[in-house]
Amino acid sequence: MKYEFDKLIDRKEHHSAKWNEMGNKFGTNDLIPMWIADMDFKTAPEIIEAMKEKLEHGVFGYVNRTDEYYKTACNWLKKRHGWDVSTENITYSPGVVPALSIIIQEFTKPGDKIIIQSPVYYPFFNVIEENNREIVLNPLKETERGYYEMDYEDLISKIDDAKFLILCNPHNPVGRVWKKQELKKLGKICFARGVKVISDEIHSDLIFKENKHVPFASLGKEFEENTITCFAPTKTFNIAGLYSSFIVFPNSKDKDIFEEALGRIDLKRNNPFSLVATMAAYEKGEPWLDELLVYLEENIDYMIEYIKENIPKIKVRKPEGTYLVWLDFRDYAFSKDELGRKMIEEAKIAFDDGLWFGNEGEGFQRINVACPRVMIEDVLKRLETVFK
Ligand SMILES: Cc1ncc(COP(=O)(O)O)c(C=O)c1O
């Protein structure tokens with residue numbers, strides 16, 4: 001491999017949320033951090049180079065995005081996902097979660113219903129509740145052990161009066177890369193009832209062999225006209241701390257509404273580093289990403305093999321995408337809080353507790369495998385000691 005994904009890099013002395021905020025979240029920092037979705041790898045050298053150039057320039061005033069900025073993102077979408085997006089309809093947001101919140105504020109009213117498909121990325125719950133909108137749960141169906149599908153019948157029974165559905169495509173935490181037919185069926189149900197879709201596609205570049213990311217809005221005119229898509233280079237290239245994401249609207253009118261809202265709180269500009277890093281990522285980062293995907297998939301395969309052989313009571317299914325894996329401890333039949341307690345006090349591992357993703361997550365833990373393999377080996381040994 002050209003890039004050093006195996007190299008352990010100290011992050012403890014470098015203001016890392018993942019490594020230094022465990023005390024707040026889990027009550028102790030003496031854990032191996034496999035939670036929060038960022039990677040323990042250095043980003044692509046081309047991105048670091050672009051940032052160095054900016055650093056050496058030494059002037060860090062307000063920055064101006066040109067059309068070129070959006071073109072690099074649109075070219076990426078076209079090349080990696082076969083999706084044509086006009087620069088007229090795309091804009092910047094510091095992050096996907098703030099964008100979800102602003103979209104909810106601008107395009108719905110207090111009390112409006114918004115559908116989410118649990119177990120799902122927990123800030124989806126927060127952005128709805130904290131904006132005084134109502135959550136409608138359309139839980140995924142586990143059709144085989146560890147394999148989840150959308151529950152269309154349940155959706156039809158609950159969809160009336162809802163304004164939006166927030167789709168997680170690919171899905172965090174269950175690792176599904178939704179197929180074209182599944183998305184088409186979802187769109188048909190939503191659009192026939194006047195429900196629009198916000199498609200969070202932040203994990204769309206992290207897809208494993210045999211699977212293909214399908215941008216929801218790319219599925220035809222009706223999809224394009226009724227979908228707001230969020231994507232970013234931040235998960236893909238491990239630059240989440242730089243704050244940079246993109247939002248694609250059906251038309252420039254809706255885009256203007258969003259931009260005005262960002263303008264009101266004066267968050268409409270990139271910082272100089274996020275600007276150059278984003279452009280370098282999309283223009284030059286592809287070889288790094290392709291190697292990263294090989295490394296991540298090997299981490300996952302290694303982990304699954306190890307668990308099958310040595311701790312078979314833990315059930316695990318290979319995700320189709322994302323570097324997050326949904327570990328199933330239900331066969332141990334622990335009481336609700338016991339599993340999380342065992343992880344922290346006995347195994348000394350910080351996972352995202354399944355319950356954070358909704359009640360459907362009871363008995364699960366989510367592991368982030370975007371780290372050097374020695375960390376995965378360490379975690380597996382800890383799990384084996386406690387759960388064998
Ligand atoms: C589905 C999903 N959306 C959004 C985010 C975070 O996005 P941002 O950091 O741009 O707010 C994450 C991070 O884990 C995620 O998994």
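We count ligands from 1, going down the list as the structure has it; atoms in each ligand are counted the same way. FYI, side chains are in, hydrogens and waters are out, and symmetry mates aren't considered; it's all heavy atoms of this structure. These numbers come from a predicted model, not from an experiment.
- Trp83 does not carry Lys212 over the face of its six-membered ring by the limits of under 6.0 Å from the centre and within 45° of the normal.
- The immediate protein surroundings of ligand 1, defined as residues with any heavy atom under 4.0 Å of it, consist of Ala37, Gly95, Val96, Val97, Pro98, Tyr121, Cys168, Asn172, Asp200, Ile202, His203, Lys235.
- Relative to the six-membered ring of Tyr332, Lys313 meets both conditions, a distance below 6.0 Å and an angle of at most 45° to the axis.
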Q) Can you list the steps and then say if Lys315 with Asp328 is a salt bridge (Lys or Arg N to Asp or Glu O under 4.0 Å)? A) CA-CA 5 Å; Lys315 297 289 179 283; Asp328 179 351; over 6 Å; no
Could you tabulate the donor-acceptor pairs under 3.5 Å formed by side-chain atoms of residues 190-199, not counting sequence neighbours?
residue	atom	partner	partner atom	Å
Arg193	NH1	Ile189	O	3.0
Lys196	NZ	Asn226	OD1	3.4
Ser199	OG	Glu201	OE2	2.6

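- Between atom CG of residue Asp154 and atom CD1 of residue Ile159 there is a gap of 10.5 Å, rounded to the nearest 0.5 Å.
- Of the inter-residue distances, the one linking Lys255 atom NZ with Asn251 atom CG reads 10.0 Å to the nearest 0.5 angstrom.
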